[in-house]
Number of protein chains: 2
Amino acid sequence: MHPGLSVEEERKSGKKPRGRAAAVGLTKAGIVAAAVRQIDEKGLAAFSIRDLARTLGVSAGNIYWHVGGAKEDLFAEISASITVSVSENLAPGMDWQERLRSVFLSYRDLVRDHANVAPLLGAQLKSNGVANLAWVEVVLGALQEAGYEGEMMRDAFNALIGGLAGFVTMEFAPGPADNLEDWEAIFAERLAAIDPAHYPLTHAVLPDISNRIFVLRWQNGATISYTSSFELLLDLLIDGLAARAPAVGLQ
Amino acid sequence: MHPGLSVEEERKSGKKPRGRAAAVGLTKAGIVAAAVRQIDEKGLAAFSIRDLARTLGVSAGNIYWHVGGAKEDLFAEISASITVSVSENLAPGMDWQERLRSVFLSYRDLVRDHANVAPLLGAQLKSNGVANLAWVEVVLGALQEAGYEGEMMRDAFNALIGGLAGFVTMEFAPGPADNLEDWEAIFAERLAAIDPAHYPLTHAVLPDISNRIFVLRWQNGATISYTSSFELLLDLLIDGLAARAPAVGLQ
DNA sequence: ACCTGAACACCGTTCAAGT
DNA sequence: ACCTGAACACCGTTCAAGT
């Protein structure tokens with residue numbers, strides 16, 4: 001058995017390491033925060049619970065007691081802790097298109113601040129389905145205002161989240177932990193070996209695109225900016241959804 | 001030192017376990033194929049090189065000798081082996097929009113056939129930058145035909161690949177390996193606890209969206225179809241790129 | 001050239017036992 | 001209630017030694 005409080009619930013209840021019982025004073029929220037710090041610094045691949053315990057000066061078993069059971073549960077908490085504030089920049093009076101822009105730009109900013117955890121958000125089904133509810137509500141609300149409902153609403157929602165959150169996942173996809181410059185050299189060599197006869201266009205625009213487009217790169221969005229590409233995607237989606245929105249109101 | 005042949009090169013050279021030297025007859029291509037089979041069956045999280053060696057009736061060291069150095073190299077080979085045929089369904093006479101559709105629908109089909117490897121394709125920077133060149137060339141060619149060049153071409157390329165391949169990555173994101181029905185129960189409980197006062201819209205459309213939209217689901221695209229959502233995304237992107245295409249030709 | 005076996009330095013997770 | 005230490009069953013990776 002374990003407490004099983006989410007980060008959010010814990011924060012609300014103001015739980016703190018108080019009283020004589022807290023010999024070590026470990027907290028679920030503290031563990032999550034320390035884990036994020038660890039991943040920010042050393043990367044997700046290098047992260048381990050034993051290492052985290054070492055850094056916290058605590059036994060590994062202690063972490064298991066506070067977090068529910070497994071490493072995956074910790075990862076779920078981490079995901080949630082990063083995306084909670086995704087709807088923070090909303091202001092009253094925004095129309096549905098502005099609200100969508102705000103929420104997805106916030107999402108990207110939040111992930112960018114912790115680029116190394118990006119795979120946890122996009123490539124795993126780990127959300128506990130609570131912390132993200134505000135996000136879901138905003139997107140659904142925007143789509144409803146645009147006139148979407150039923151199956152169309154579902155498809156529009158999935159196209160937005162899948163396209164935009166998916167983009168961000170790829171944008172910050174981690175490279176190999178070890179030999180950074182080794183890898184660049186290997187990559188450069190392979191690019192130089194591209195056969196103009198087979199791939200004339202790729203070869204021709206290589207100086208323009210090398211390390212700046214998704215497949216042909218050796219660094220990720222933490223180093224190379226994909227801001228203009230993301231904004232194009234955002235515009236394409238929102239404008240497109242507006243154009244084919246079922247009629248409602250004046251718009 | 002190791003052979004260092006890619007799957008493709010090996011195939012071309014017709015290399016086979018021939019002669020008396022091949023006591024075990026291990027091949028890089030064989031290793032990759034067996035690894036994919038293993039991941040298809042047991043999932044990516046359960047995959048290990050030791051386990052693979054066991055299944056192949058071979059020492060782990062032998063695998064390291066054939067693949068270059070590390071698990072990551074094997075993962076790169078796996079990614080490449082799955083996406084090589086992405087441009088196979090192209091037919092002469094297709095306009096740029098049809099070519100884009102074809103290539104991205106093919107990509108999704110290929111990933112769907114090996115849904116458990118999806119995280120390797122989207123969430124890691126593991127491409128060896130060779131196998132995917134055909135894909136890159138097709139997309140760049142389509143965008144050029146549409147009138148894109150320079151920065152706009154880069155952004156359009158990234159929006160397409162990031163949005164669509166990102167979508168597919170999320171679509172097939174793996175859930176927790178263990179307790180499948182346990183997790184469903186937990187999820188159902190959490191959905192039932194959604195407060196209509198805080199999240200009125202989410203609560204109202206819950207029957208419509210439960211387990212069918214990205215954030216609020218306990219199963220992935222291998223079980224629940226996201227085909228119509230993917231096609232909406234594809235249409236939004238291609239139509240949008242056509243609408244804002246720099247003038248060229250008649251179009 | 002290809003392959004094995006043992007070895008090193010790690011993991012995740014559980015669980016009795018302590019306070 | 002909270003925490004430790006030891007234990008179990010694994011890993012990835014390297015490398016001498018074999019054929």
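To find a chain, count down the sequence lines: A is the first, B the second, and so on, and within it residues start at 1. These numbers come from the heavy atoms of this one structure, side chains and all, not from hydrogens, waters or symmetry mates.
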Q) Between B:L26 (CG) and C:dC2 (C1'), how many Å, whole number? A) 10 Å

Q: Check whether more than 12 heavy atoms from other residues, nucleotides or ligands sit under 6.0 Å from atom CZ of B:R212, and answer yes or no.
A: no

Q | Phosphate OP1/OP2 of C:dC3 contacted by B:S59 side-chain N/O (<4.0 Å) | A | no

(Q) Angle between ring planes, B:Y226 versus B:F214, binned at 30° and 60°: parallel, tilted or perpendicular? (A) parallel

Q: List for me each residue that meets salt bridge (Lys or Arg N to Asp or Glu O under 4.0 Å) alongside A:R54, sequence neighbours excluded, and say none if there are none.
A: A:D51

**Q.** Length of the line joining B:Y64:OH and D:dT13:P, which is rounded to integer Å
**A.** 4 Å

Q.
If I take atom CD1 in residue B:I63 and atom P in nucleotide D:dC11, what distance separates them, rounded to the nearest angstrom?
A. 12 Å

(Q) Does C:dC10 have its OP1 or OP2 closer than 4.0 Å to a side-chain nitrogen or oxygen of A:R54? (A) no

**Q.** Nearest-Å distance once atom P is located in both C:dA9 and D:dA9
**A.** 22 Å

Q) With nearest nucleotides of DNA chain D determined for A:G61 and B:A46 from heavy-atom distances, which residue corresponds to the more 5′ nucleotide? A) A:G61

**Q.** Gap between atoms CG and P, on A:N62 and D:dC2 respectively (whole Å)
**A.** 10 Å

Q. With A:R108, which residues qualify under side chain to side chain donor-acceptor pair (under 3.5 Å), at least two apart?
A. A:E171, A:T227

Q.
Distance check needed: C:dC11 P versus B:R50 CZ, whole Å only.
A. 15 Å

Q) Using 30° and 60° as the class limits, which term best fits the ring planes of B:W218 and B:F187: parallel, tilted or perpendicular? A) tilted

Q) Does A:H66 place a side-chain N or O at less than 4.0 Å from the phosphate oxygens OP1/OP2 of D:dA1? A) no

Q: Please work out the stems of DNA chain C from pairs that are Watson-Crick or G-U wobble with both distances under 3.5 Å, keeping only runs of three or more consecutive pairs.
A: C:4-8 with D:12-16, C:12-16 with D:4-8

(Q) Between A:A60 and B:A60, which residue's closest nucleotide on DNA chain C lies nearer the 5′ terminus? (A) B:A60

Q. Which word best sums up how the rings of B:W135 and B:F104 line up, parallel for under 30°, tilted for 30 to 60°, or perpendicular for over 60°?
A. perpendicular

Q | Close side-chain approach of B:F172 to B:R112, heavy-atom, < 4.5 Å | A | yes

